[in-house]
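Only heavy atoms go into these numbers, but all of them, side chains included; no hydrogens, no water, no symmetry mates. Below, read A as the first sequence line, B as the second, and so on, with proteins coming before strands; counting in each chain starts at 1.
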Protein chains: 2
Amino acid sequence: MTEAGSAPEKRKRGAKKSPPRFSREQADVRRSMLIEAATRCLSVGGIGAFTIDRICREAGVSRGLINHHFESLDGLLVEVYKSSLYASVNNQIAEAKRRRAEASDWPPEASLAALVRSNFSPDYFSRENLLIWLSLWGEIAVNPRLQAAHRELYDAYRAELAEDIAAVAIPRLRQVDAPSLARNFIALVDGLWLEWCLDESVVTPQAAEAAGFEMLEAQVGPLRDG
Amino acid sequence: MTEAGSAPEKRKRGAKKSPPRFSREQADVRRSMLIEAATRCLSVGGIGAFTIDRICREAGVSRGLINHHFESLDGLLVEVYKSSLYASVNNQIAEAKRRRAEASDWPPEASLAALVRSNFSPDYFSRENLLIWLSLWGEIAVNPRLQAAHRELYDAYRAELAEDIAAVAIPRLRQVDAPSLARNFIALVDGLWLEWCLDESVVTPQAAEAAGFEMLEAQVGPLRDG
DNA sequence: GGTCTTGTTGTACGAACGTTCAACAAGACC
DNA sequence: GGTCTTGTTGAACGTTCGTACAACAAGACC
């Protein structure tokens, strides 16, 4: 502590004054920083890297800060789930609802196609994103709090997808079990994500998207052309 | 240690002699016991329960035994993968190969249908089995040794499935991309397993099997009837 | 009964874990 | 410059982790 330090540009007049040892942040800002650092740890090293030490080092803060801003490490994990997965899926749901409401701009086929494509867009279908999902899946099966959040989220997504499917099938007079098809489609997407995550050479994002469309088109007819 | 103990029936003549404190097992027998105990830990508590203490307690042996019979805890994890997943999938592959060889008893349709059904039979489609997969998936993405074993296994399974698909499609003069269909089918199965594992109310084994058949039948025609 | 092999035990060890909390200091306010 | 609020630090704690290893004993053999 007697050294001059490595970032002395901040000191203004008194030559004796050492630069600040840390910067204060608003509580919610710091929380976000910690959640992002924790997410990064998860995407790199899986659930085994989700520890106080590594997250704080990744965030560049001291060890005590997580328990100051979150009830526990487990609480932070739930927040990571909410901010990283919950938020992105809910975003997809909201956009789908908006499209379905704007019936003039978005015919049912285009709305459903857009929802399908969003699943395979680089925003979601990325390796780092998938590692987060994979890590959390293993925890959801064991952690009741995560399990509750997961079920709520997937129920909502399945319901929205089923509505989009029905909106296409009904005008075409097709007999389709929309809820089941929605569930099977989500399973296929998750499965393809999984395959890609464990072995990139097996499937490309393009092939995965094609597989998704094929499953739906087998029941409701063409979605991509026209 | 001065107590009489709870299982004194073993002592034969000398009333002073205390019963054996442990029983010796052949190395491979003890290894199997440890692998099974480790698998049980995994299926109950996920990867977080995969520790020396818990596995040894589950197996009813002392803490030192794992490092005596395995190079490390990580080595035991690889053995769990091989014995629990590798073995069961390889078993499916072997049976499929056998069926395909016995062309007189097993027409291609029946052979493929049997392979599909085996994926959803209670032997594999059980909650404890799925938790093991789920736990290991999260590790495969991070552990190079597991990753290598996984790719080899899945490549073999995909290849076998593609051959079974082609054996049905070719006589029917159907243009089918068998490798891609095999990959998509496996993705669907894994995805349905995942959904069921995280929320049992979403899908039943019967519905999952139906979804698997539907995907294949959309491309190669009927498999189940006749 | 004595000896030998080797599977098994249980302690010891250092590292890493999550949590707690008294002390500290950055930055706003006066 | 002084005061106050509160975000932040870092040491300390007890626990659990994986590994190593000397001591032990079960069971085969003679």
Side-chain angles (χ1 to χ4, degrees), chain A residues 1 5 7-8 10-14 16-35 37-38 41 45-80 139 143, chain B residues 1 5 7-8 10-14 16-35 37-38 41 45-80 139 143:
Chain A
M1 270 315 123
K10 195 71 176 294
R11 90 180 94 126
K12 281 181 178 173
R13 32 196 132 183
K16 281 181 181 172
K17 191 157 192 181
S18 60
R21 292 207 280 125
F22 60 90
S23 69
R24 301 166 80 87
E25 303 288 349
Q26 295 268 46
D28 56 342
V29 172
R30 187 65 85 190
R31 279 173 61 94
S32 299
M33 291 173 62
L34 288 169
I35 290 171
C41 287
I47 198 69
F50 197 87
T51 69
I52 297 270
D53 280 307
R54 299 203 210 192
I55 296 166
C56 287
R57 199 185 316 142
E58 175 71 30
V61 300
S62 72
R63 276 172 50 75
L65 210 52
I66 284 181
N67 285 283
H68 178 72
H69 286 288
F70 300 90
E71 45 172 319
S72 68
L73 186 65
D74 195 68
L76 174 56
L77 185 60
V78 173
E79 292 303 313
V80 167
E139 290 302 300
N143 186 324
Chain B
M1 270 317 123
K10 193 74 177 291
R11 89 181 93 127
K12 281 180 177 173
R13 34 196 132 184
K16 281 181 183 174
K17 194 160 191 179
S18 61
R21 291 210 279 126
F22 59 91
S23 69
R24 301 167 80 88
E25 302 288 348
Q26 296 267 45
D28 56 343
V29 172
R30 187 66 84 188
R31 279 174 59 94
S32 300
M33 291 174 63
L34 288 169
I35 290 171
C41 286
I47 197 68
F50 197 85
T51 70
I52 297 271
D53 280 308
R54 300 202 211 192
I55 296 167
C56 287
R57 198 184 318 141
E58 176 69 31
V61 300
S62 71
R63 275 171 51 73
L65 210 52
I66 284 180
N67 285 283
H68 178 74
H69 286 288
F70 300 90
E71 44 173 320
S72 68
L73 186 66
D74 194 69
L76 175 56
L77 185 60
V78 174
E79 293 303 313
V80 167
E139 289 302 299
N143 186 325

Indicate the atoms forming the closest heavy-atom contact of [X] with [Y], along with that distance.
{"X": "A:A59", "Y": "A:A37", "value": "CB-CB, 3.6 Å"}
{"X": "B:I47", "Y": "A:I47", "value": "CG2-CG2, 4.0 Å"}
{"X": "B:E79", "Y": "B:I35", "value": "CB-CD1, 3.8 Å"}
{"X": "A:T51", "Y": "A:L73", "value": "CA-CD2, 4.4 Å"}

Quick one: [X] [atom1] to [N] [atom2], roughly how many Å, whole number?
{"X": "A:R63", "N": "D:dG14", "atom1": "CZ", "atom2": "P", "answer": "15 Å"}
{"X": "B:I47", "N": "D:dG18", "atom1": "CD1", "atom2": "P", "answer": "10 Å"}
{"X": "B:N67", "N": "C:dG7", "atom1": "CG", "atom2": "P", "answer": "15 Å"}
{"X": "B:D74", "N": "D:dC17", "atom1": "CG", "atom2": "P", "answer": "17 Å"}
{"X": "A:I55", "N": "C:dA16", "atom1": "CD1", "atom2": "P", "answer": "16 Å"}
{"X": "B:F50", "N": "D:dT16", "atom1": "CZ", "atom2": "C1'", "answer": "17 Å"}
{"X": "B:Q26", "N": "D:dA26", "atom1": "CD", "atom2": "C1'", "answer": "13 Å"}
{"X": "A:D53", "N": "D:dT16", "atom1": "CG", "atom2": "P", "answer": "18 Å"}

Taking any heavy-atom pair under 4.0 Å as a contact, classify B:F70: base, sugar-phosphate, or nothing. nothing
Which part of the nucleic acid does B:L73 contact within heavy-atom distance under 4.0 Å: base, sugar-phosphate only, or nothing? sugar-phosphate
Scanning all shown strands, the Watson-Crick or wobble mate of C:dA28 with both distances under 3.5 Å is D:dT3
Scanning all shown strands, the Watson-Crick or wobble mate of D:dC13 with both distances under 3.5 Å is C:dG18
Heavy-atom nearest nucleotide on DNA chain D taken for B:I52 and for B:R24; more 5' hit belongs to B:I52
Judged by nearest nucleotide, the residue sitting upstream toward the 5' end of DNA chain D, A:E25 or B:I66, is A:E25
Out of [options], whichever nucleotide has its closest atom nearest the side chain of [X]:
{"X": "B:R54", "options": "D:dA26, C:dA25, D:dC17", "result": "D:dC17"}
{"X": "A:R21", "options": "C:dC24, D:dC17, C:dT20", "result": "C:dC24"}
{"X": "B:F22", "options": "D:dT9, D:dA25, D:dT19", "result": "D:dA25"}

Considering just the side-chain nitrogens and oxygens of [X], establish if one lies under 4.0 Å of OP1 or OP2 belonging to [N].
{"X": "A:S23", "N": "C:dA26", "value": "no"}
{"X": "B:H68", "N": "D:dT19", "value": "no"}
{"X": "B:T51", "N": "D:dC17", "value": "yes"}

| query | Do A:V78 and A:F70 have side chains that get closer than 4.5 Å, going by heavy atoms? | reply | no
In this structure, CG of B:L76 is separated from CD1 of B:I52 (nearest 0.5 Å) by 7.5 Å
Ranking A:E71 and A:R57 by the position along DNA chain C of their nearest nucleotide, the one closer to 5' is A:R57
**Asked** Is B:R30 side chain donor-acceptor paired with the C:dG7 base, going by distance under 3.5 Å alone?
**Response** no
